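Just so you know, these numbers come straight off a predicted model, no measurement behind them. Sequence positions, counted from 1, serve as the residue numbers for this chain.
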Amino acid sequence: MPWLKLLRAGTLCSPAADILAGACLVGATWNAQGLDLVRAMVASVLVYAAGMVLNDHADRREDAKQRPERPIPSGQITPRGALTLGLLLLAGGVGVAPETTRLHHGILAALVLLYDYIAKANVLAACTNMGVLRALSLWTGMLFLTGETTPALLLDQRVAAGAYGVYIFTVTLLASYEDDPRVRPKAIVSLLAIPPLVTLAALVSIQDGNPVVVIASICLVLAFGRRNRTVELWTPA
């Protein structure tokens, strides 16, 4: 169905998972905040869906040359119809958000527009935009904290959101190199090493130097270093 393709329906659980993960990280209680949490998850899904639709609207001329089978260039959906749907989803996402997260969802909506229509023109700007967007998405779930906010907890929240942002930045950058034969293979392997290393570094910070996590980090560094020495070719496959 063209509209489901335009919405990337198979990926729509991802932003809801960000909110739920953030709420779990701060120990939110479902009984006290269940309805607002559901509203925040729905709001994130709507904003994300808007991003998917507006992305195709922004890329419609390029897609006509490189991906003519997509709903807009193939004529199954008009550009005006896609733009209208995207803006309605964006407004609906901010509107349905609970008071607790409305400001964050408003910023997320602005970041979606920035990415789709401006930031994509520059690879690093696009990757940074996407990393900030998803880090803020995780942080939004952390707004459902019910207990006391301590400096240590606030630092842990920032570390978790920052690590997630670096992960998204890295995989977005990697995706931009998929079809680029000029990229050095060893650079790709080094890039692949960043997300797990950042994740483990965040765990070390949050768990105050847990020796198991430290040992795992060292083993991972050694494993990627060994792999990097043996890589000779880089292809999209």
* If you round to the nearest 0.5 Å, how far is CG of L25 from CG of D156? -> 9.5 Å
* From L108 CG over to L111 CG, what is the distance, rounded to the nearest 0.5 angstrom? -> 6.5 Å
* To do: Please assess M52 against L7 for the test side chain to side chain contact (heavy atoms under 4.5 Å, CB included), listing each intermediate value before the final yes or no.
  => CA-CA 6 Å; M52 296 295 100; L7 288 164; 5.7 Å; no
* Between atom CG of L6 and atom CG of L54, what is the distance when rounded to the nearest 0.5 Å? -> 9.0 Å
* To do: Determine yes or no for a side-chain-to-main-chain donor-acceptor pair under 3.5 angstrom, with S44 supplying the side chain and M41 the backbone.
  => no
* Asked: Would a hydrophobic clustering, with Ile, Leu, Val, Met, Phe, Trp and Tyr connected at side-chain separations under 4.5 Å, put V45 with L35?
  -> no
* Is the backbone N or O of L136 less than 3.5 Å from a side-chain atom of T140, with the two atoms forming a donor-acceptor pair by type? -> yes
* Which heavy-atom pair separates L89 from A50 by the least distance, and what is that distance? -> CB-CB, 3.7 Å
* Rounded to the nearest 0.5 Å, what's the gap from OH on Y48 to CG on D18? Could you check? => 9.0 Å
* Asked: To the nearest 0.5 Å, how far apart are CZ in F144 and OG1 in T100?
  -> 5.5 Å
* **Lys/Arg N to Asp/Glu carboxylate O, R8 vs D56, below 4.0 Å** => yes
* To do: State plainly whether the residues D59 and R67 are in salt-bridge range, i.e. N to O under 4.0 Å.
  => no
* Asked: So, do F169 and R134 sit near enough that their side-chain heavy atoms are less than 4.5 Å apart?
  -> no
* Structure fact -> Per side-chain contact (heavy atoms from CB on, under 4.5 Å), L37 is matched among L143, I19, V42, T101 by I19
* To do: Give, for atom CG of L133 and atom CG of L138, the distance between the pair rounded to the nearest 0.5 Å.
  => 12.0 Å
